[in-house]
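Heavy atoms only: backbone and side chains are in, while hydrogens, waters and symmetry mates are out.
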2 protein chains.
Amino acid sequence: MIHSMSTDLIQRLRLAGYKITPPRLAVLEVIQREGEHLNPQEILEQAQMIHAQTGRATVYRTLELLTQLGIVRPIYVGDNGPTYIRADGAHHHLVCSRCGRIVEFDACDADSMGCELETRFGFRITSHLLEFYGICPQCQATDASCSAETMADLPD
Amino acid sequence: MIHSMSTDLIQRLRLAGYKITPPRLAVLEVIQREGEHLNPQEILEQAQMIHAQTGRATVYRTLELLTQLGIVRPIYVGDNGPTYIRADGAHHHLVCSRCGRIVEFDACDADSMGCELETRFGFRITSHLLEFYGICPQCQATDASCSAETMADLPD
DNA sequence: CTCTTTAATGAGAATTATTCTCATTTGCTC
DNA sequence: GAGCAAATGAGAATAATTCTCATTAAAGAG
């Protein structure tokens, strides 16, 4: 099997006592490559391009395993099901409660807080998620007036 | 129907053009009362104590509605399904990737960031969620050594 | 207070997502 | 390369959520 993947991650799997198998490599590869917001179905499809026989159950099992190992983690955005992302790195979202619109931002003070929390609770912190919830400008405009747009939001 | 609930919320429903019905009042009451981390099944059960005929589909429909209105929002903790909380107020978690342990903390710099983001993106922000992911002290201890505890985490 | 309109409801069917089962395969160690 | 247990794939089973539709009832008009 050809794989151009971080030997480091493979080592982590091996050291934790797990076998290095084609489906696991495929899932790992997919998540490393895309990095963002793939749901189990999409991960299955992409993994099958790498290792055609990959089964759905194995994808779920692998995602659970990689989550346990702190390599990936599920993230819930809007009202979709879970998607998986690399467990390192931070995520910052503004989420509109009304329409579900998501805006990303960077710049975040959380890292310094993270350090403090590491000391305080003894966690070894690898990443964070900071989400603000509210109403986006567009939806505010809609709410404010009693125009046709407003009507569109009322029950049919 | 007897309900000792925030007239304010009822007004918001009414103003948005929705009818005030017993199941909606029941769900609203349950979420107001408990406030935290109830899943749809639990909300159904508790709502039925208030209004016995409440149906499951209606609970889902009401949760969707209340989410749209920014009154509640779903939150995903660990690998359980969604639970619903009041949309106001902040939530701060330390989540262990390995064992799923959750520690709550308060004190959070996010509010000032929230103000800045309101200006920058025009959102009207009502709450936030800040989660740090990492490995809890217990799991670190397990990882570090090659003791019996470590064995327990390896594949059977 | 009664009537009318139409949103909302409950029951259960249908769908979708996830987990489980088990016979078979395959990494890994020696 | 032989042995062993972990890992796998297929599909069954389960759980969670959404949809359908006939019926009910909330809200406004008169």
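Side-chain atoms of B/R24 come within 3.5 Å of backbone atoms of B/K19 as a donor-acceptor pair (strictly under, hydrogens ignored).
When hydrophobic clusters are built by joining Ile, Leu, Val, Met, Phe, Trp and Tyr residues whose side-chain heavy atoms come closer than 4.5 Å, directly or via intermediates, B/L65 is grouped together with B/Y84.
Closest of all the heavy-atom pairs between A/H128 and A/D111 is CE1-OD1, 3.6 Å.
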Going 5' to 3' through nucleotides 24-30 of chain D and flagging B where a protein heavy-atom sits under 4.0 Å of the base, S where only the sugar-phosphate is that close, and - otherwise, we get --BS---
Base contacts versus sugar-phosphate-only contacts with protein, heavy atoms under 4.0 Å: please encode nucleotides 13-23 of chain C as B, S and - from 5' to 3'. ----SBBBB--
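Using cut-offs of 30° and 60° for the angle between ring planes, the A/F132 and A/F105 rings count as tilted.
Here D/dT17 presents its C1' atom at 16 Å from CD of B/E42, a figure rounded to the nearest Å. Counting to the nearest Å, the P atom of D/dA16 and the OH atom of A/Y76 are 13 Å from each other. Nucleotide C/dC28 holds its C1' atom 14 Å from the CG atom of A/L13, rounded to whole Å. For B/L44 and C/dA11, the CG to P distance is 10 Å, given to the nearest whole Å. Separating the CD atom of B/Q48 from the P atom of C/dG10 is a distance of 9 Å, rounded to the nearest angstrom. When the P atom of D/dG9 is taken as reference, atom CZ of A/R24 falls 11 Å away, rounded to whole Å.
Contact check for B/I31 versus B/L38: no side-chain heavy atoms found under the 4.5 Å cut-off. For the pair B/C96 and B/Q138, the minimum side-chain heavy-atom distance is 4.5 Å or more.
In this structure, CD on B/Q46 lies 12.0 Å from OG1 on B/T54, to the nearest 0.5 angstrom.
Side chains of A/Q41 and A/E45: a donor on one and an acceptor on the other come within 3.5 Å.
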